[in-house]
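In what follows, a structure is listed as structure tokens, so that the remarks can point back to it.
Quick caveat, the model's predicted, so the values are computed rather than measured. Hydrogens, waters and symmetry mates play no part in the numbers below; they use all other heavy atoms, side chains included.
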Amino acid sequence: MSPSKAAKRAYQDLFRQYRRSLTRSDIGLKPLSHAGSSRRPLRQADLDEALEGGAGVYQKFESGALLPSPAYVRRVATLLGFSETDYYRAYQDLFPDTRPPYIRNPGDEISPLWQQVVDGQTAMSCVVKHGGDLASCNEAFKAFFSPGELPSNIWQWLLLDPEPRDQVLLDWDTAWAPHLVARLEVAATHGPYAPQLAVLQTELESDERLQKALLNAPKLPNGWQETHWPLRHPVHGFGTARFMTAHLDTAPGARLVTILFTSAPEGSLPSRPKSGR
């Protein structure tokens, strides 16, 4: 099956441009023996060799005669060094109305400059990798935890640690757990390249308390923002939190998270997250 004519031009031009900007050495292949081959742009046949596919497969793809699997497109784009933006454009041309998997491994390192970003926030702020590992945070975020007990993985802390379940995240079974699991499922679906999430989901399946909470929970939305979450802050006491999140373009799957805390008397806190402004 070949792509529709309306989608052809953009993705073909992108793959052709990236291919012609590289040489065999750039993708780990030995230069050909004849003179000048080290500077020769990649041929379509070179891609077949690097991908260990059948002869002529890449030529059919680039010419529009073949629509390959999304996995093949990702492999080629990764090999050619596509930017996230160009990969998204090509993927949308080939597979309209579908969300592309991340081209990079979501475990990639986060730029240290994000530490400066979170340090500039007065509210609790952190950067979390796709698998839940904490990449950076500010002093306000650290103050939310006991000294020396900053969690390395936020998903693990939120869903499995006894302290937040029983002391910090108020009404964890009803207010927090169903929403957290919904968010975890979204993260796992949108980026299937973080093995930590798969391991965590397996652990959660055998957690009796969590499974009971999910069984008794009403159908809940997936959103974080514009929702008030009841909790007990170790310094500021009882209150509600609102989670504001943003994607990091240079680190697929990672999130900048800012937590807006509002103090409130314990008796005024909602038993479930309260939506609205």
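- One N or O on the side chain of N138 and one on the backbone of V118 form a donor-acceptor pair closer than 3.5 Å.
- No side-chain donor-acceptor contact under 3.5 Å links Q17 and D13.
- In this structure, the separation between OH on Y11 and OH on Y87 is 14.5 Å, given to the nearest 0.5 Å.
- A distance-only check finds a donor-acceptor pair linking the side chain of Q12 to the backbone of E62 [under 3.5 Å].
- The closest donor-acceptor contact from the side chain of Q211 to the backbone of L204 lies under 3.5 Å.
- Rounding to the nearest 0.5 Å gives a distance of 11.5 Å between CD1 of I110 and NE2 of H130.
- Around atom OH of Y88, no more than 12 heavy atoms belonging to other residues, nucleotides or ligands sit under 6.0 Å away.
- L79 pairs in a side chain to side chain contact (heavy atoms under 4.5 Å, CB included) with only one of the listed residues (L22, D26, L51, L42), which is L51.
- Rounded to the nearest 0.5 angstrom, L180 CG and W229 CH2 are separated by 5.5 Å.
- Taking a cutoff of 4.0 Å between a charged side-chain nitrogen and a carboxylate oxygen, R40 and D46 do not qualify as a salt bridge.
- Formation of a donor-acceptor pair under 3.5 Å by the W176 side chain with backbone atoms of P230 is found in this model.
- The backbone N or O of L158 lies less than 3.5 Å from a partner atom in the side chain of W172, making a donor-acceptor pair.
- Between the side chain of R43 and the backbone N or O of P41, no donor-acceptor pair lies under 3.5 Å.
- Side chain of D86 to backbone of F82: no donor-acceptor contact under 3.5 angstrom is found.
- A heavy-atom distance below 4.5 Å is not found between the side chains of P151 and L134.
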